[in-house]
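Structure first, then comments.
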Amino acid sequence: MNRAALLVLADGRFPAGGHAHSGGAEEAVTAGRVRDVAGLEEFCRGRLHTSGLVAAGLAAAAAAGYEPLLLEEAADARTASPALRHTSRRLGRQLLRAARSAWPCAELEALAAARPRGAHQPVVLGLAARCAGLMPLDAAYAAAYESIGGPVTATVRLLRLDPFDATAVLARLAADLDHVAAAAAEAAQRIHADGPAALPAGSAPLLDIAAEQHATRAARLFAS
Amino acid sequence: MTPSPSPPAPAQPALGVRATARIRATRAGGATALPTLAGDGPFDLRRARPHGDQARVCILGAMSAPLGGDRLRIEATVDHGAHLHITTAAATIALRGPTDEHATYDVHLTAAEHASLQWLPQPLISAARSNLRQTCTIDLAPTARLLLREQVVLGRVGEPPGRLATRLTVHRDGRPLLDQHTMYGPGAPGWDGPAIAAGHRAIGQILIVDPALDQQPPHASLFGDDPAAGQAVLTPLAGPAVLITALASDTLHLHRLLNAARPLP
């Protein structure tokens with residue numbers, strides 16, 4: 001095992017295109033639901049425990065070697081919004097390019113061949129972690145952290161927040177991150193016996209509504 | 001001195017109702033028959049007037065349920081070519097009951113080839129200090145059609161909700177079509193924040209599964225001009241299905257939104 005690869009994979013500078021996305025934060029700011037640091041923290045807490053937990057479960061299962069195309073189906077079933085499915089595949093395609101270069105591996109090549117238009121980002125993330133020699137729990141951490149890291153970075157720009165305050169939001173959510181990553185990895189252990197239904201399916205109605213609203217807006221800073 | 005034998009463990013107190021209601025619909029000539037219509041515990045099942053070749057069943061609440069500790073289950077199966085419509089006569093109110101323990105309320109719906117199923121219950125109200133885990137598990141044959149409409153109200157007027165977890169899992173031809181787990185109330189992190197409910201107290205969904213949607217997949221569309229009163233989105237799923245998700249300040253606005261998105265048959 002090579003734990004240092006987790007730092008590379010989870011680094012915001014890893015060239016996987018995440019900087020162009022706000023994880024729904026831009027729409028929440030535009031609609032006036034997030035106006036300050038406290039609002040950002042509640043947004044992130046809700047996102048982490050719903051779509052963040054789902055992403056972490058999928059990533060952990062892919063890292064554990066579960067069939068990626070079955071995880072693709074599970075991701076579709078857990079993503080009601082077509083705008084969010086599109087975003088996930090677009091980010092998955094960019095991540096796959098970066099990961100194939102960083103950790104060349106037959107499993108990444110096979111997924112790229114099976115899904116030329118892109119696979120769901122958490123599935124790619126988990127498979128990349130596997131090819132980098134990481135554990136399912138590591139993949140869960142990377143996915144869970146990413147589910148709030150993106151919105152925090154974006155909201156600093158959108159609301160001109162103090163970056164120190166924004167980083168403190170991430171630090172305050174550290175215990176929640178531990179909890180979500182552990183729950184995701186535990187679910188992934190049950191997938192070989194119970195199938196993809198064992199994976200978390202957390203859903204957030206406003207994230208789905210806001211994703212489709214955001215997709216209709218002409219003037220926006222972030223793609224999602 | 002020999003140790004005295006430890007007393008036998010007290011029997012688990014039988015707190016809470018255990019009940020399973022069963023419905024089976026079959027094709028009988030040009031109509032749908034109901035060879036099984038078995039109420040149990042709080043579920044009193046009534047035949048309603050059929051609608052063409054569609055049988056209709058109304059579930060009456062024979063007692064207050066679910067309360068903490070209850071284990072409730074409804075199973076409905078629609079056989080090949082049969083058509084079934086199920087409603088409830090009144091809202092279902094989750095209450096605290098004699099224990100802090102959670103109640104479960106599991107609905108299992110199955111529709112075979114060329115069958116149709118409409119599951120249209122009245123709202124579920126999560127009262128303060130209640131604790132309910134609800135599941136709705138649906139298995140559809142490739143040519144089966146489904147119309148599901150569910151509404152959740154978070155707290156009776158002016159009170160906070162209890163703990164409510166609902167999981168909706170739909171398989172079509174054995175493959176996952178929709179899997180959603182929503183959690184509200186105490187113990188659900190961020191549930192009332194800007195990512196999940198944001199102060200809305202009425203949440204509704206309409207799910208339509210119909211193989212004909214493969215020919216004409218709808219586009220995503222939005223409903224609701226005043227975000228404070230409510231908003232809804234119609235989203236095509238990755239399969240011949242659409243899901244309408246609505247959030248509103250109260251049930252009145254929720255009804256308006258859901259009816260605007262898809263009027264009831």
Side-chain angles (χ1 to χ4, degrees), chain A residues 23-25 27-29 31-35 38-54 70 72-85 147-148 151 173 176 179-180 195-197 199-213 215-216, chain B residues 135 137 152 165-172 174-184 187-200 202-205 207 217-224 227-228 230-239 241-248 257:
Chain A
E27 185 60 31
V29 167
R33 289 192 295 271
V34 170
R35 301 167 196 263
L40 172 63
E41 183 166 339
E42 270 309 279
F43 178 87
C44 287
R45 182 171 286 110
R47 186 165 200 259
L48 173 62
H49 286 273
T50 54
S51 60
L53 176 61
V54 170
L70 293 179
E72 282 277 289
E73 274 185 356
D76 273 342
R78 285 161 176 73
T79 316
S81 154
L84 290 180
R85 290 196 297 274
S147 77
I148 53 175
L173 287 168
D176 288 65
H179 177 82
V180 163
L199 294 181
S203 153
L206 259 178
L207 288 181
D208 287 347
I209 293 172
E212 295 301 329
Q213 256 157 359
T216 65
Chain B
T135 66
T137 308
V152 164
T166 68
R167 185 150 185 175
L168 172 60
T169 307
V170 185
H171 283 84
R172 180 174 175 269
R175 313 305 321 161
L177 176 66
L178 178 65
D179 202 340
Q180 287 194 325
H181 191 202
T182 46
M183 292 173 69
Y184 301 107
W191 74 272
D192 207 18
I196 303 180
H200 295 90
I203 297 146
Q205 288 194 313
L207 173 65
H219 296 287
S221 49
L222 294 155
F223 304 88
Q231 46 198 325
V233 66
L234 180 152
T235 48
L237 301 181
V242 295
L243 180 71
I244 295 154
T245 304
L247 274 179
L257 275 170

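These numbers come from a predicted model, not from an experiment. Naming: A, B, ... by sequence-line order, numbering from 1 per chain.
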>> Run the side-chain contact (heavy atoms from CB on, under 4.5 Å) test on B:Leu247 and A:Ile209 for me, step by step, so that the C-alpha distance in whole Å, both residues' side-chain angles and the decisive distance to 0.1 Å come before the verdict.
In response: CA-CA 9 Å; B:Leu247 274 179; A:Ile209 293 172; 4.2 Å; yes
For [X], which atoms come within 4.5 Å of any heavy atom of chain A: side chain, backbone, both, or neither?
X	answer
B:Phe223	neither
B:Ala241	neither
B:Leu178	both
B:Thr182	both
B:Leu177	backbone

> Do other residues, nucleotides or ligands put more than 12 heavy atoms under 6.0 Å from B:His171 NE2?
Replying inline: yes
So which atom in [X] and which in [Y] form the shortest heavy-atom distance, rounded to 0.1 Å?
X	Y	value
B:Pro194	A:Gly39	CG-O, 3.5 Å
B:Ala220	A:Glu212	CB-OE1, 3.3 Å
A:Glu42	B:Gly190	OE1-CA, 3.6 Å
B:Ile196	A:Ala204	CG1-CB, 3.8 Å
A:Leu206	B:Ala195	CB-O, 3.4 Å
B:Arg167	A:Ala197	NH2-O, 3.2 Å

>> Show, in sequence, the C-alpha distance, side-chain angles and deciding distance for A:Gln213 and B:Gln231, and conclude whether the side-chain contact (heavy atoms from CB on, under 4.5 Å) test is met.
In response: CA-CA 10 Å; A:Gln213 256 157 359; B:Gln231 46 198 325; 3.1 Å; yes
> For the candidates A:Pro82, A:Ala77, A:Cys44, which exhibits the highest count of non-hydrogen atom pairs separated by less than 4.5 Å from chain B?
Replying inline: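 When all of A:Pro82, A:Ala77, A:Cys44 are compared, A:Ala77 has the most.
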> Among A:Leu207, A:Leu48, A:Val54, A:Thr216, which residue forms the greatest number of heavy-atom pairs with chain B at distances under 4.5 Å?
Replying inline: A:Leu207
>> In the structure I gave you, are the side-chain heavy atoms of A:Asp208 and B:Thr235 within less than 4.5 Å of one another anywhere?
In response: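 Not in contact.
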>> Heavy-atom cut-off 4.5 Å, strictly under: side chain, backbone, both or neither for A:Leu199 against chain B?
In response: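 Just its backbone gets close to chain B.
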>> Distance check, rounded to the nearest 0.5 Å: B:Gln180 atom CD versus A:Thr50 atom OG1?
In response: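 Result: 11.0 Å between the selected atoms.
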> Roughly how far apart are B:Leu237 CG and A:Arg85 CZ, rounded to 0.5 Å?
Replying inline: 6.0 Å
